[in-house]
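I have placed the structure first, in the form of structure tokens, so that the comments after it can refer back to it.
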Amino acid sequence: MAPVTMLEAIRQAMFEEMDRDPAVVAMGEDIGVYGGAFKVTEGLLERFGNERVIETPISETAIVGAACGMSYLGLRPIVEMQFIDFIACCFNQVTNFVAKGHYLWGAPAPMVIRGPSGGGVHGGPFHSANPEMYFAHTPGLKIVYPSTPYDAKGLLKSAVRDNNPVLFFEHKFLYRRIKEELPEEEYTVPIGKAVTRREGRDLTILSYAAMMHTSLEAAAELEKEGIAAEVIDLRTLMPLDKEAILASVKKTNKLLIVHEDTRTGGIAGEIASLVCENAFEDLDGPIARVTSLDTPVPYAPTLEEHFLPNAAKVAAAARELAKY
Amino acid sequence: MAVDVVMPQMGESIFEGTITKWLKKAGDKIERDEPLFEISTDKVDAEIPSPSAGVLKEIKIAEGQTVPVQTVVAVIDADGAGARSAAPSAQAPASPSAVAKAEALEGGPAPAGVEAPPPDDEKAAPGPVPTKKDPQPGAQKTAAAAPAPSRATESKAASSASQAKSASADAGSREKVRSSPLVRRLAKEHEVDLTQVPGTGAGGRVSKKDILGAIEGGGARAEAPASAAPAGPSNAQPGAGAPAARVTIESAVPREKIYFGKYDVQPMSVMRQKIAEHMVLSKRVSPHVYSVDEVDMTSIANLRAKSKAKFEESTGTKLTFMPFFVRAAVEGLRAFPTVNASVDGTNVVLHKECNIGIAVALDWGLIVPVIKNAEEKNFLGIARSMNDLAERARSKKLKPEEVAESTFSITNPGVFGGLFGLPVINQPNVAILGLGAIEKRPVVIDDAIAIRSMVYLTLSYDHRVVDGAIAHQFMAKIKHTLENWTESIL
């Protein structure tokens with residue numbers, strides 16, 4: 001079977017889930033005739049018709065509000081944000097209704113909100129966001145952020161089947177850049193499980209999404225210098241795979257966290273606390289992090305490069321930590 | 001016999017030093033304690049004396065390189081002609097203890113306190129031994145774990161370490177070992193005395209690798225330092241990856257706006273970088289407030305003019321205005337202890353000593369040697385130690401402890417003709433006194449105009465701790481002391 005892109009893997013997941021379960025519907029701006037801004041939903045309308053592939057006006061609040069209602073009535077909507085940045089427009093719906101329904105009224109909202117996120121494609125401040133932490137901070141939501149086509153497909157299928165709302169972030173830099181052969185048979189990837197992408201003994205690099213690839217690149221560089229970095233892909237931010245994180249820290253005793261999200265309030269700080277609370281006496285060095293700068297994502301390509309972490313920055317931080 | 005020359009530990013928080021100049025080249029004969037090389041560290045620039053007589057066999061670390069303390073920077077062949085006289089005396093007392101140590105290591109962690117007695121000539125060595133309060137693991141560990149080489153340097157390190165040990169309790173010295181939570185847990189679980197484990201991590205830190213080696217190796221630990229220095233995953237020379245410029249100094253504008261027209265580019269010296277770093281930090285951390293006061297120095301100027309010749313004749317030291325200001329400042333500090341303080345988080349540390357830092361301008365920068373316990377010294381004592389410190393600052397002979405632990409500082413822009421200056425606080429002080437130029441000026445006294453010797457004094461103070469009311473009362477105390485000088489200066 002030919003290798004497929006992450007974008008295609010997500011499309012396959014949607015097709016398969018809509019095939020499998022008539023309750024699954026898709027909703028979003030331009031997802032029908034046009035096939036979505038990134039063509040993730042191409043062919044969906046022809047296949048499933050406009051009762052299950054619903055084009056909406058440009059109102060994220062209305063889309064998520066409608067999806068929330070649909071989910072209460074037994075449907076399992078998959079909602080697309082054209083760019084994940086605009087999820088801010090429906091912040092109230094997501095955090096006050098979708099997230100709390102299960103707790104308040106015993107009415108879980110089985111729905112998926114998915115959309116292209118992340119920078120590195122010169123999209124500028126309105127089309128490059130990594131808003132995962134707004135929602136990781138909201139109890140009641142699950143946050144998934146895959147880095148490979150295999151995981152994207154398997155996790156999206158798990159997300160659709162989950163009885164609680166899942167926010168599914170798709171890093172647009174990876175959409176067409178990462179290809180992978182997928183199994184022909186049906187599979188899912190469990191939410192809340194990290195995976196070790198590379199074994200190492202000297203330090204752990206914890207990452208997810210596009211930065212997972214950056215971390216692997218750095219780890220390959222470090223290997224030439226005799227530093228064996230273990231690279232762990234979180235895949236899910238909420239719930240966080242604490243066992244995997246702590247196990248790796250207990251093995252290597254040093255932790256570097258890499259994320260594309262900005263520094264202050266990023267998941268790295270939360271993980272650092274988690275490790276200090278549970279594995280302080282296993283640390284042989286300070287917990288380090290490489291993140292984007294605390295600024296909006298710059299438009300200018302040179303500025304954006306400066307803003308984002310890259311393999312050299314990750315390797316430099318890892319070297320310092322290894323040496324410590 | 002080959003003697004290793006190591007980068008000395010120049011103070012508690014110093015982990016590395018830059019070799020700025022070699023005073024000898026390979027093949028040169030050298031006497032014990034003869035200046036061998038110059039170094040620059042966070043705290044001081046210093047000349048390092050040779051640990052042994054002999055012939056300089058090899059220079060391992062080139063000028064301009066920064067290496068961690070205890071790194072071997074050169075090797076002296078002590079079998080050279082002049083070696084006989086000096087080396088054995090240093091060697092003899094150390095040997096038995098080295099045996100004792102080796103035995104102790106065989107049988108597990110050495111009991112603390114089994115250290116060499118200070119060799120007789122220890123006092124004679126003017127070299128920069130670690131400070132008293134500094135049972136630094138690096139020095140100790142090298143001494144304890146490497147019985148064979150470098151008798152002279154080791155005995156010195158060991159003896160000062162043993163002094164430190166007897167001075168501070170074992171528990172105290174254990175706290176000073178740099179390690180990590182993991183290392184401390186493993187040490188506890190395996191009952192390893194961390195002070196006995198050679199550290200190869202950053203700044204001599206005992207790392208996971210070190211303690212695992214100690215746990216597994218047991219008696220084999222003696223070989224640790226040999227493998228420690230050049231080992232590690234990367235085969236880079238120690239310090240090779242750490243260039244002198246590890247201080248980040250920001251530019252306020254983009255680089256392209258800096259380079260235009262004709263220009264020369266001078267790299268900052270280590271000292272200049274440290275000053276830059278320290279000043280930025282001080283300004284960032286401490287909200288500076290300034291107050292200016294004017295003092296009539298006429299009676300002191302007259303006293304000085306009258307007594308100068310006699311003072312210098314009978315004491316052999318210069319009579320400047322500075323000791324008057326130091327004395328007056330001490331009076332002020334005793335009356336207002338909040339000015340003689342440091343800030344530690346939400347605690348204000350009120351120092352019981354008045355250790356007065358005096359900024360000394362050098363051709364190559366600036367250094368602040370400290371008159372310790374100025375509150376216990378009389379005028380002459382202050383004048384003497386001040387002139388001595390200033391002199392040795394200019395000849396690079398200061399010891400690291402002599403530029404540390406100030407509680408208040410004084411700077412004298414007036415010496416270069418400044419009317420007054422607004423100095424930056426010398427951390428961890430909370431205030432600094434600036435002296436303007438002493439000049440004759442017309443002054444109104446009782447509705448008459450008189451010519452008096454006047455000076456502007458400025459106080460920069462940290463508003464987190466010192467409020468205006470205290471600052472002005474402090475200045476008033478200084479002013480009063482100076483204008484109503486009563487102390488005999490001889």
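Naming convention: chains lettered A, B, ... in sequence-line order (proteins, then strands); numbering from 1 in each chain.
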Expected output: side-chain B:Ser180 to main-chain A:Gly285 donor-acceptor under 3.5 Å: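 Not confirmed, B:Ser180 side chain does not pair with A:Gly285 backbone.
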If I take atom [atom1] from residue [X] and atom [atom2] from residue [Y], how far apart are they, to the nearest 0.5 angstrom?
X	Y	atom1	atom2	answer
B:Arg184	A:Asp284	CZ	CG	10.0 Å
B:Leu182	A:Asn253	CG	CG	4.5 Å
B:Leu186	A:Asp282	CG	CG	8.5 Å
A:Lys323	B:Arg205	NZ	CZ	12.5 Å
B:Lys208	A:Tyr324	NZ	OH	14.5 Å

Are there more than 12 heavy atoms of other residues, nucleotides or ligands under 6.0 Å from atom [atom1] of [X]?
X	atom1	result
A:Phe91	CZ	yes
A:Glu270	CD	no
A:Lys193	NZ	no

Between B:Ser179, B:Pro181, B:Ala202, the one whose heavy-atom pairs under 4.5 Å with chain A are most numerous: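 Among B:Ser179, B:Pro181, B:Ala202, the one with the most close pairs to chain A is B:Pro181.
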